[in-house]
Amino acid sequence: MGTVVVDVMPKQEILDPQGQAVVGALRRLNLSQFTDVRQGKRFTLEVAGDVTDEVLAAAREAAETLLSNPVIEDVVSVRDADAAAAGQEDAS
Amino acid sequence: MGTVVVDVMPKQEILDPQGQAVVGALRRLNLSQFTDVRQGKRFTLEVAGDVTDEVLAAAREAAETLLSNPVIEDVVSVRDADAAAAGQEDAS
Amino acid sequence: MKVGVVTFPGSLDDHDAARAIELAGGEAVHLWHGTADLQGVDAVVLPGGFSYGDYLRAGAIARFAPVMDALIPAAKGGLPVLGICNGFQVLCESHLLPGALVRNDHQKFICRDQKLRIERINTAWTGDFAQDEEITIVLKNGEGGYMADERTLDLLEAEGRVVARYLGGNPNGSRREIAGISNEAGNVVGLMPHPEHCVEPGFGPGLEGLPFFTSVLRQVVSA
Amino acid sequence: MSNLPAYKCDTVDIASQDPQAEQPWAELGLKSDEYQQIREILDRRPTSAELAMYSVMWSEHCSYKSSKVHLRQFGDKTTDEMKEKLLVGIGENAGVVDIGDGWAVTFKIESHNHPSYIEPHQGAATGIGGIVRDIMSMGARPLAVMDPLRFGALDHPDTARVLPGIVSGVGTYGNSLGLPNIGGEINFDSCYQGNPLVNALCVGSMRTEDIHLANATGVGNLIVLFGSKTGGDGIGGVSVLASETFDSTGPAKRPAVQVGDPFAEKVLIECCLDLYAADVVAGIQDLGGAGLSCATSELASNGDGGMQIHLDRVPLRDPSLSPEEILMSESQERMMAVVEPGKLEAFMEIAAKWDVEASVLGEVTDGENLEVFWGDDLLVQVPPRSVAHDGPVYQRPLERPAYLDDLQADGTAHLNRPRTGDDLARTVLDLIASPNMCDASWVTDQYDRYVRGNTAQAMPDDAGVVRVDEETGRGVALSTDCNPRFTKLDPYAGSQLALAEAYRNVAVAGAAPLAVSDCLNFGSPEDPGVMWQFSEAVTALADGCAVLGIPVTGGNVSFYNQTGDIAIHPTPVVAVLGVLDDVAKRNRSGWAHAQDAIYLLGETRDELDGSAWAEVAHSHLGGLPPTVDLAAEQTLASAILAATDQGLITSAHDLSDGGLAAGLAESVLRHGVGASVDLSPVASRDGVDAFVALLSESTARAIASISASDAEAFEAVLSDKGQAFARIGTTGGDHLKVEGQFTLAIEDLRSAHTGVIESAMSH
Ligand SMILES: Nc1ncnc2c1ncn2[C@@H]1O[C@H](COP(=O)(O)OP(=O)(O)O)[C@@H](O)[C@H]1O
Ligand SMILES: [Mg+2]
């Protein structure tokens, strides 16, 4: 059984009210070293077999069409959860 | 400027309606190789300087106290976005 | 008889809760989230709404407000506290009540008139109900699914701490149809539906929310 | 200023020295003569900031350049008598009416159509956010919202994308603000497939002495921007909203969608109310389309002097924004106030209490110009009126569309009508199961209708009713309506029918109609046929309001709702506001008790062209809409109001789409109380058969239920008012029985009526 991880983040130029609320709360917890927070989504997709290239391609398709809204979000990574994570921040 | 990434996922035994909805939608998109999907959160926390051990410790504190609710969620990873990602799925 | 109503940024039903307290015969005192001072009130309502936008998780940020620094120890010491909807979420995030409230299973906000059964009447907030009384009050939430592990659920049932249960269909995927619970002592109650919208003739689906507020007034008087 | 990012700003100096520089006016949507006009106003070429400002403010969306010549009629046809209750009329952010006892109410309806098609959730959410800020900018506490929505066919796949997103956007934003949603519309027609309509209404109240206006007066008064930080969102949004080229990207490659932050807006509402209560605001303006460009030029234009603004003092979310982008940004949840210097400290304290960021951008000057600086560089120096109010005005060509004669000639007379009672029963079931008539609770259950505890009634009643004064119970009723099938067949009659329906809904609820707002959704103004429809609609509404004696207090125009050459049906959504001295007296729809007498008020003619029946049974649209009879509407209103006042009515329901059949079915389904009805008094008096009696959409009609013991008194009131009526039956039982025709079990009615939208959305 394999797992694909898909990371989706709000576009840099888009307002992220969730992240802003967290920054404020961290300040009240005296964790004010964090100057900016952005909140995105992390999906894990299970497949019965191994995470093959086809599976990754399918996951990439899912990421672009369903898991993210390209108007306001970027897919920042689609990867095999178990693989060494080189290039993990790369969705291409 | 450095960035810490915090990943939070719903606990395995907790129903994840969002993930379930995604499974259903994937099936309709003929992407039915994905048998289970879970949706969690991914945070990026910016700091002015480098991501030192102290920064990571602070981020871990934020992750445990604020960014996750231990009743329903697990912190699956707290890491420097730029570091090699060995052990990335490890919050300890 | 003074009952405090806390206003967090993003609280919405604070006005309604205060009105309900007054209609029940009490005096409503507005408490501000930013001040760790309960102003000597005899009980507190944490009202519904979207404190801090419910960003992150419902109730998660409000839990760290200064007023909670005063409220948490007071509640542990026996002060009657009712958390309605968002207030219930704050109580769970504060660990004054076990479990958590998650996104409705159907993933939509839902507003409807909901039938409930009141299963625990020896709490500060339900004394004016009859055991197993069935009432209809407003339900409205986006993250109202009550979740806890099986052990906790069993414990709640065994100790009779399920205060209210949904009837006529589970509106949000709550475990075991749980609509409200209490702490062991019964002074802290969390309730997902909104009794404060059911206290005035002509507004809301009826008057069956009023006993929550009369109960606490009577309890405080007799205490 | 050395700490500013080093932009090579195009300044007024440079513009004067380099008059021939090429400028991208065409890309910004300006016409060549408009660009020339700007050069003449300034007596030089505009700077790039000025060009951006004019291009957006002179867009159709902001300048009303195609509609202005027509909208004038709203003012011109308002008589002094109609103005009596009008405290603020057209021209401000929203109109204000006097509802008595020192209370003023402000309401307005606006569109957010194009953004909601691109990003349904955020588009609809920011639509609610924008209209709520308009209401706040009048000094009012927002009380409630409504959302008239129009979608393509229910079973079209794109509807399943657009509808849930729009509904969740309206719901999330409004619910998070703590504003009850008290009504709206959900209408499906394939003409909206590529152009869904998201209209949003907000109503607010204040004491009459607390009305605030958007003007910057008093030399030395400070201009304060407060609310969320400014980011790059929505730059070019106004171009998307308004320009001819639907997908134009505007001055920079920034996203055209705005993302809403309802929490920030909720805090902003409470902050504004505290500011008003402390009397520290001299003038106030919301920021919406065209952002700072619009707010500064409108404030200055409405004031008596000039204004200086420093863009480098705007708190930014994205530090890479250029000054031009800051000027144009449509970041949400921001307001602009004019504050006397002596009151600034108090202002800032209140803002800090709510954690709302506020910064002084500049001040009111004794000059004549709006001047915008970036550090020491002067980027904008313009007469504010030329930007905000004296934009181009077009007298666009009009032409009655050629297709109209054929369309109107193609009536329903040749269509098969149900002949037997069984046929009629099936027709009724089909009708109440059709997308436009089915139960809407899948949508409306996503909206909080109870918050603040002042909602006396909401969906599915005919009008939303909210209490304004908690002591006395004084309150308002609102309804929004438009049947676009009627406006397609005859835009003049159809627009008056929309007005009549909203008026009737409010009156049937027991409120005295007082004022009107409208949202005019049309195709391209460059199409003479569309422009003709528009002109007919405005004329019809202005004429109709004059007859009914209720003024138009404001509204909104949305053009370019078309895909290729195909425009939407003309959709002038009309909102009517009425007053009740005590909302406890309002009439609910639907039967709550057995043994009440059922009355049909008004007369029924054979009017089925454009009806719901023609659509559902035959997919037919043609002929002429029902007769408009505004005098009859007034009679009906006065009869119902008189009976309401005497407490005689147990329920009342307006008849419109689907006629009496729909009215009866809905009344039965409301509380599950059946009825037994005999149509013969109507048939013999009006010369119609059972089918026409049940399915005609003749106007100025309503049904009411009355306790049997009050029947005599009720009939006396009706006779006194000259209202035609017929006693047609009695409530009670588990069936809807129409004597001699059919008997339908309530369960069967219910199962036909419910789950329709839900099942379409779950595919
Ligand atoms: N269809 C309409 N009917 C009546 N008044 C309208 C209509 N469209 C626009 N108006 C009025 O014209 C004025 C100018 O609108 P504008 O200031 O552009 O509004 P907004 O605040 O929506 O930007 C407003 O008072 C508005 O109410
Ligand atoms: Mg405005």
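The model shown is predicted, which means the values in this text are computed figures rather than measured ones. Just so it is clear: chains get the letters A, B, ... in the order the sequence lines come, proteins before strands, and each one is counted from 1.
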Testing the basics here: between A:Pro17 and D:Gly260, what is the closest heavy-atom pair and its distance to 0.1 Å?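 So the two residues come closest at CG-O, 4.0 Å.
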State, to 0.1 Å, how close A:Leu15 and D:Arg317 come at their nearest heavy-atom pair, and which atoms those are.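 Shortest heavy-atom contact: N-NH2, 3.2 Å.
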Which answer fits A:Asp16, side chain, backbone, both or neither, if we ask what part of it has an atom under 4.5 Å from a heavy atom of chain D?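 Neither the backbone nor the side chain of A:Asp16 comes within 4.5 Å of chain D.
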Nearest-0.5 Å distance, CD1 of residue A:Ile14 to CG of residue D:Asp318: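 Reported to 0.5 Å precision, the distance equals 11.0 Å.
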